[in-house]
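Reviewing the structure listed below.
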Amino acid sequence: SDIYRDGVYGSRPVVPVAPAALEAAARRRMSARGWAYVAGGAGAERTVAANAAAFTRHRIVPRIMADVGERSLRTTLLGRDLPAPLLLAPVGALELAVRGGPGRAEPLVARAARELGVPVVISSQASTPMEATAAELGGSPRWFQLYWSNDDDVAASLVARAEAAGAGAVVVTLDTPVLGWRPRDLDLGSLPFARGEGIAQYTSDPAFRRLASTRRSTPARRRPTLAAVRALAAMRRRGATRADVETFLDVFSRPTLTWRDLAWLRERTRLPILVKGVQHPDDARRALDAGADGVVVSNHGGRQADNAIASLDALPGVVSAVRATAPTAPVLFDSGVRTGADVFVALALGADAVLLGRPWVYGLALAGEAGVRAVVRHVLAELDLTMALAGVRGVAEIAAGHLAPRDGAA
Ligand code: FNR
């Protein structure tokens with residue numbers, strides 16, 4: 001591949017290729033607050049660790065003499081031809097990962113994705129209004145990730161804007177009725193969002209503006225702390241007010257949701273709906289019965305419930321449930337994908353595609369647009385080589401038969 005050829009002639013990669021080195025370099029580059037937010041997980045971070053460890057329990061069985069001279073990563077998802085079975089996972093408040101202020105991150109990510117043709121899942125909590133990101137993307141694919149707002153008008157407005165911005169699907173994240181317990185953020189004494197990070201999708205929204213304008217924010221203390229003064233200044237730089245931030249915290253999620261509510265969303269959009277955050281086969285079945293077009297098996301990168309099972313361990317059961325309910329419904333996977341070999345394993349266990357999360361954020365922190373592009377290219381190059389070594393020419397061929405039977409069972 002080009003990456004090897006570059007290596008032969010002595011040019012160093014833009015960002016480290018080895019996952020651990022990439023992470024270490026990003027850690028050195030990012031602010032303490034940014035690092036805590038991006039790398040951190042819920043509780044004692046046992047699920048963060050479990051997500052990674054689960055991949056070590058699956059072994060690929062190499063095959064030889066299979067004519068792998070021509071290979072393709074191309075695949076089709078929701079009727080659209082894609083260069084690879086990989087999307088950029090939705091990541092909110094990205095401004096915490098880059099230097100240079102709000103609004104800078106998403107355009108860089110969009111340009112990287114556009115050049116690769118890899119879809120971006122635009123976060124509800126982006127630091128750039130989705131219309132601006134969509135403009136950078138041109139004709140390149142984008143999906144919209146929805147946090148189901150407590151306010152109907154805001155939720156409906158976000159979805160309508162996503163349609164207008166050319167989204168190919170709505171990914172509704174349902175593993176976040178409340179934000180998880182995040183000790184690293186708590187220890188720093190400044191929660192992400194507290195200074196208005198990741199609020200641009202809302203402050204640019206007409207339904208949200210109406211709501212925020214009627215809000216009377218809690219009166220400021222007569223002698224505000226230094227932290228409070230700083231937070232206010234940071235909000236002002238984002239064009240946000242205290243009322244905006246308080247309204248945002250009130251409406252960002254809706255903890256009362258049940259499966260019956262999915263009909264409301266189904267009626268409001270003609271776009272395919274994917275439910276993100278599925279870990280139990282019954283939830284997959286219920287999502288499809290309630291009108292979802294597919295699911296994303298995810299535990300939010302171990303950021304929600306700690307001691308939750310590894311997302312990869314949840315995958316096979318969900319795949320079986322989906323295949324039995326709606327055979328063609330896509331099953332996407334995320335939480336713990338770090339390498340091309342990881343993508344191979346997830347596909348072998350039945351995923352149709354994966355969402356890449358933290359690694360591209362590290363690339364962004366290290367080298368902006370070029371960093372995101374490099375990280376994605378490294379993962380896809382390794383996937384391509386892994387396919388060759390497993391005797392596979394196309395992603396549709398990747399199946400359970402390419403993995404060793406577990407625990408000696410056939
Ligand atoms: C996320 N994730 C996330 N998910 C979502 O639906 N909306 C969001 O706004 C965010 N924001 C977000 C911020 C940060 C910093 C991280 C790390 C993650 C979850 C994300 O989409 C994906 O599920 C995880 O990143 C997958 O885990 P790994 O592979 O990154 O460990």
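Both counts, for ligands and for their atoms, begin at 1 and track the order of listing.
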Next on the checklist: For atom 15 (C) of ligand 1, what's the nearest protein heavy-atom neighbour? Residue, atom name and distance, please.
Outcome noted: Arg303 NH2, 3.4 Å
Checklist entry - Any idea which protein heavy atom is nearest atom 27 (O) of ligand 1, and the distance to it? => result Gly301 CA, 3.0 Å
Checklist entry - Can you tell me if Val38 has a non-hydrogen atom under 4.0 Å from ligand 1? => result yes
Item to check | For atom 4 (N) of ligand 1, the protein heavy atom that lies nearest, with its residue and separation | outcome: Lys276 NZ, 3.0 Å
Checklist entry - CZ of Arg393 to OG of Ser72: how many Å apart, nearest 0.5 Å? => result 12.0 Å
Checklist entry - Quick one: do Arg373 and Glu115 make a salt bridge, cutoff under 4.0 Å? => result yes
Next on the checklist: Could you check, using the six-membered ring where one of them is a Trp, whether Trp148 and Phe252 have ring centers closer than 6.0 angstrom?
Outcome noted: no
Next on the checklist: Residue-level breakdown please: for Arg358 versus ligand 1, do any non-hydrogen atoms fall below 4.0 Å on the side chain, on the backbone, on both, or on neither?
Outcome noted: both
Checklist outcome for this item: the protein heavy atom lying closest to atom 20 (C) of ligand 1 turns out to be Pro90 O, 3.4 Å
Checklist entry - For atom 6 (O) of ligand 1, what is the nearest protein heavy atom, given as residue, atom name and distance? => result Thr173 OG1, 2.7 Å
Checklist entry - In ligand 1, which numbered atoms sit nearer than 4.0 Å to a non-hydrogen atom of Ser298? => result 23 (O)
Next on the checklist: Please determine whether a side-chain nitrogen of the Lys or Arg among Arg161 and Asp205 lies less than 4.0 Å from a carboxylate oxygen of the Asp or Glu.
Outcome noted: yes
Checklist outcome for this item: Short version for Val91: what comes under 4.0 Å of ligand 1, heavy atoms counted, is both
Checklist entry - What residue and heavy atom of the protein are closest to atom 19 (C) of ligand 1, and at what distance? => result His300 CD2, 3.5 Å
Next on the checklist: Quick test of your reading of the model: are Arg33 and Asp185 salt-bridged, counting only N-O distances below 4.0 Å?
Outcome noted: no
Checklist entry - Are Arg215 and Asp244 ion-paired here, with the side-chain N under 4.0 Å from a carboxylate O? => result no
Next on the checklist: If the test is side chain to side chain donor-acceptor pair (under 3.5 Å), which one of Gln279, His300, Gln304, Lys276 qualifies with Asp175?
Outcome noted: His300
Checklist entry - Starting from atom 8 (C) of ligand 1, which protein heavy atom do you reach first, and at what distance in Å? => result Tyr147 OH, 3.2 Å
Checklist entry - Nearest protein heavy atom to atom 11 (N) of ligand 1, by residue and atom, and its distance? => result Gly92 N, 3.0 Å
Item to check | Stepwise salt bridge (charged side-chain N to carboxylate O under 4.0 Å, His left out) check, Arg210 with Asp153 | outcome: CA-CA 10 Å; Arg210 277 195 296 278; Asp153 292 342; 5.1 Å; no
